[in-house]
Protein chains: 2
Amino acid sequence: MPNSSRDIPRSPCVIGNCLDIIGDRWTLLVVRDLLFFGKHEYKEFLASPESIATNILADRLKRLSEAGIIKEQLHPENRSRKLYYLTNQGKALLSILIEMIKWGEKFLPEVEMMKPLFKRIKTNPDLFKKEILNKLDQWEVSYLNE
Amino acid sequence: MPNSSRDIPRSPCVIGNCLDIIGDRWTLLVVRDLLFFGKHEYKEFLASPESIATNILADRLKRLSEAGIIKEQLHPENRSRKLYYLTNQGKALLSILIEMIKWGEKFLPEVEMMKPLFKRIKTNPDLFKKEILNKLDQWEVSYLNE
DNA sequence: TAAGATACTTGCATTTTGCAAGTACTGCTA
DNA sequence: TAGCAGTACTTGCAAAATGCAAGTATCTTA
């Protein structure tokens with residue numbers, strides 16, 4: 001993932017600039033974990049089945065912060081742990097991920113992990129989004145200092 | 001874009017496998033050109049403002065073919081030219097790109113290229129999709145042998 | 001039949017990735 | 001309070017991917 005310095009956009013196209021931020025094999029997996037699986041800590045991202053390397057994870061968390069997609073805070077009960085959470089900009093990636101799930105479920109070989117979520121998306125996409133966002137709100141109330 | 005060999009999926013998650021195909025800075029720009037800008041030839045992709053390198057473009061066209069997203073055919077009037085076109089699987093990426101455009105227009109610095117398209121998306125997204133797909137159909141009728 | 005167009009391939013320096021190991025800070029435990 | 005474990009990283013290095021310039025192969029056109 002070269003040149004994702006947001007200094008000067010390489011492209012006169014939103015898609016190009018969007019890809020400079022999320023156009024790689026790892027970034028959206030972290031966002032997935034934050035959105036769908038209630039993960040908020042470094043070690044939790046590491047535990048995902050794709051087994052991201054520690055240096056890549058650190059790099060992506062940094063880039064996501066710089067891009068305004070996530071923020072971080074120390075764990076309120078343990079200062080040796082960090083909590084990562086999505087900004088509104090990050091939460092807005094939900095729509096992109098949903099479309100990727102729909103595309104993948106239709107055209108890619110079957111895999112299990114997202115099946116339950118996919119069912120909820122098919123049944124009632126708006127409700128699904130609302131539930132995902134509500135869950136994040138609840139988490140924030142419990143864990144974030146204001 | 002490492003390991004986009006579709007032999008064995010690295011991930012039990014559709015999003016992971018989806019990213020193995022479209023998770024890089026170039027692939028979706030080619031799809032964008034095919035979907036939105038009526039481009040169908042190697043030299044046309046090269047002419048896009050992001051100035052993709054020739055070896056990368058050749059590689060991405062190959063991968064897109066292998067993934068079943070595009071197909072190719074010789075130009076009916078000139079056998080030294082090739083035409084690339086989207087399969088149904090490729091056309092289905094439209095929904096993902098639309099969400100990326102919406103996200104980018106909301107959170108990224110202003111750029112010009114997609115402004116007109118974005119207006120049409122905002123006005124009537126379903127109509128927009130239909131028009132994009134119709135245009136591709138028309139092109140296929142004119143240029144593709146069956 | 002030579003020149004130009006088109007679609008690539010090759011070589012090489014630079015950048016990014018992937019893996020293993022090491023470090024720094026916090027909290028717990030004896 | 002010394003030592004060990006947990007958490008979040010950083011570092012070093014080999015391998016892979018990228019970016020750039022140059023070269024090649026196959027048409028087509030003059």
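The structure displayed is predicted, hence computed values, not measured ones. Chain A is the first sequence line, chain B the second, and so forth, proteins listed ahead of strands; every chain is numbered from 1.
- More than 12 heavy atoms of other residues, nucleotides or ligands sit less than 6.0 Å from atom CZ of B/Phe37.
- Between B/Arg10 and C/dG18, a side-chain N or O to OP1/OP2 separation shorter than 4.0 Å is absent.
- Residue B/Lys43 has a polar side-chain atom (N or O) positioned under 4.0 Å from OP1 or OP2 of C/dT6.
- With rounding to whole Å, A/Asp59 atom CG is found 13 Å from D/dT11 atom P.
- Between A/Tyr42 atom OH and D/dT10 atom P there is a gap of 8 Å when expressed in whole angstrom units.
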Which protein N or O atoms sit under 3.5 Å from an N or O of nucleotides 27-30 of chain D?
residue : atom : partner : partner atom : Å
D/dT28  : OP1  : B/Arg79 : N            : 2.7

Which pairs of donor and acceptor atoms, one on a side chain in residues 101-113 of chain B, lie under 3.5 Å apart (sequence neighbours left out)?
residue  : atom : partner  : partner atom : Å
B/Lys102 : NZ   : B/Glu99  : OE2          : 3.1
B/Trp103 : NE1  : A/Gln89  : O            : 2.9
B/Glu110 : OE1  : B/Lys115 : NZ           : 3.0

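- Atom CG in A/Leu61 sits about 16 Å away from atom P in D/dT7, given to the nearest Å.
- Listed for the B/Ser142 side chain is a donor-acceptor partner under 3.5 Å among the backbone atoms of B/Gln138.
- In summary, of the residues considered (A/Arg60, A/Arg32, A/Arg25), a salt bridge (charged side-chain N to carboxylate O under 4.0 Å, His left out) with A/Glu50 occurs for A/Arg32 alone.
- When the P atom of C/dA7 is taken as reference, atom CG of B/Leu74 falls 10 Å away, rounded to whole Å.
- One finds no side-chain N or O of A/Trp26 lying less than 4.0 angstrom from the OP1 or OP2 phosphate oxygen of C/dT16.
- If B/Asn55 and B/Glu41 are placed on DNA chain C by their nearest nucleotide, the residue sitting closer to the 5' end is B/Glu41.
- A donor-acceptor pair under 3.5 Å is formed between the side chain of A/Ser11 and the backbone N or O of A/Cys13.
- Within 6.0 Å of NZ in A/Lys43 there are more than 12 heavy atoms belonging to other residues, nucleotides or ligands.
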